[in-house]
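Throughout, a chain's letter reflects where its sequence line sits, starting with A, and its residues are numbered from 1.
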Protein chains: 2
Amino acid sequence: MKTDSRLSGVLHILLHMAEFDEPLTSEALAQMMCTNPVVVRRLLGALRKEGLVSSEKGHGGGWRLAKDLRKVSLYDVYRALEHPKIFAIGNRNETSGCLVERAVNHVMGESFEAAEALLLQRFKEVSLADMSAHVHEHWAEKPDCTKAGQSHQ
Amino acid sequence: MKTDSRLSGVLHILLHMAEFDEPLTSEALAQMMCTNPVVVRRLLGALRKEGLVSSEKGHGGGWRLAKDLRKVSLYDVYRALEHPKIFAIGNRNETSGCLVERAVNHVMGESFEAAEALLLQRFKEVSLADMSAHVHEHWAEKPDCTKAGQSHQ
DNA sequence: AGATTATGTAATTATGAAAGTTACGTAATG
DNA sequence: CATTACGTAACTTTCATAATTACATAATCT
């Protein structure tokens, strides 16, 4: 399956924005991210609905952080993206009347629910300020830019 | 993303096999599962490598459970499928030198690792016999067969 | 006012992984 | 030796994410 990298991408954008005071254009952000400005606008557009960023048009316009990073958790960002699907593993047939199917779905479902709860709990415990601090602890090299990308495991 | 339903599918197959003493052909299993015999052979072929099932060719041939279901955990089945990818959410760029990227990957990675550990721990605690028992507790209707299928959330 | 710079979005295309299908080889049985 | 089944490679289909194109709208600067 192709993994959804929107959360990773948007966090990357936000932390880069945190390094600047002036608004950054989607063009500039796209270059940092090795992607297309439209992708940036789509992602940040979702965050704007939740008040995490603001945007301005025209000369000197662009995107700005709209909240204290200490008050924004990883979970807030996840939610702003409208709860992306977490698991790559799914049930074969959600609505079957087959009892075997239902038992499988039920038992697996319990495990996935527990794992999801733990994951989201962790997300709530990490603020963007924490992540930004983590960046500065290791600050030495400059950002670089290569394509690729993948999963956890 | 399209969710991977192989684990769900193969569990479905195994629990159906548990209801029969004779070997079942991939043709018969495919019909129960509303899928193609080749798909069944592919899935069960992976399980055979781990000794979970056995197969025989020719007349009267087919697939048989090769282990006591009490001794096979959900994790064993997961592993037999060669550790399918668990998460639909991934890092944008696994190998970037960008420190922001690395911080994002690291922080998110910790949460995902914790969730994965919990999920797999749960998988280890459930045997196929447990799942089979769960089926029999609710045994009343007959298996039925409709297509579709999806995720958790 | 009018040129320029940005965002806002719809529509289209590209990518990649799972799933399904076809085709044919191999082995075991009646 | 015909039939039944597995064993697999190769190909096609499906579908969601990501990237791209195209164009509208709004704000700023000269």
Between [atom2] of [N] and [atom1] of [X], the distance in whole Å:
| X | N | atom1 | atom2 | answer |
| --- | --- | --- | --- | --- |
| A/Leu43 | C/dT7 | CG | C1' | 15 Å |
| A/Gln31 | D/dT20 | CD | P | 13 Å |
| A/Asp4 | D/dA19 | CG | P | 11 Å |
| A/Glu22 | C/dA6 | CD | P | 13 Å |
| B/Lys85 | C/dA19 | NZ | P | 12 Å |
| A/Leu81 | D/dA16 | CG | P | 18 Å |
| A/Glu56 | C/dG8 | CD | C1' | 15 Å |
| B/Leu29 | D/dT4 | CG | P | 18 Å |

Residue whose nearest DNA chain D nucleotide is more 5′ - A/Gly58 or B/Val38: B/Val38

5'-most by nearest nucleotide on DNA chain D - B/Glu27 or B/Arg42: B/Glu27

Considering only side-chain heavy atoms of [X], which listed nucleotide, [options], is closest?
| X | options | answer |
| --- | --- | --- |
| B/Arg41 | D/dA27, D/dC6, D/dT21 | D/dC6 |
| B/Ser5 | C/dA19, D/dT21, D/dA18 | C/dA19 |
| A/Asn36 | D/dT21, D/dT14, D/dA5 | D/dT21 |
| A/Arg48 | C/dT9, C/dT5, C/dA23 | C/dT9 |
| B/Arg6 | C/dA18, D/dC29, C/dT22 | C/dA18 |
| B/Lys57 | D/dA27, C/dG20, D/dC6 | D/dC6 |

Does [X] have a side-chain nitrogen or oxygen under 4.0 Å from the phosphate oxygens OP1 or OP2 of [N]?
| X | N | answer |
| --- | --- | --- |
| B/Ser26 | D/dA5 | no |
| A/Thr25 | C/dA6 | no |
| B/Ser55 | D/dA5 | no |

Check whether any side-chain N or O of [X] sits under 3.5 Å from a backbone N or O of [Y] as a donor-acceptor pair, and report yes or no.
| X | Y | value |
| --- | --- | --- |
| A/Ser8 | B/Asn91 | no |
| B/Ser73 | B/Tyr75 | yes |
| A/Tyr78 | A/Pro84 | yes |

Sugar-phosphate only, base, or nothing, as touched by B/Gly60 at under 4.0 Å among non-hydrogen atoms: nothing

B/Val126 with A/Met108, same ILVMFWY side-chain cluster at under 4.5 Å: yes

Given DNA chain C, 5'-ward residue of the pair A/Gly45 and A/His59, judged by closest heavy atom: A/His59

Residue pair A/Glu101 / A/His106, side-chain donor-acceptor N/O under 3.5 Å: no

Summary of salt bridge (charged side-chain N to carboxylate O under 4.0 Å, His left out) pairs that have at least one residue in residues 37-57 of chain B, sequence neighbours excluded: none

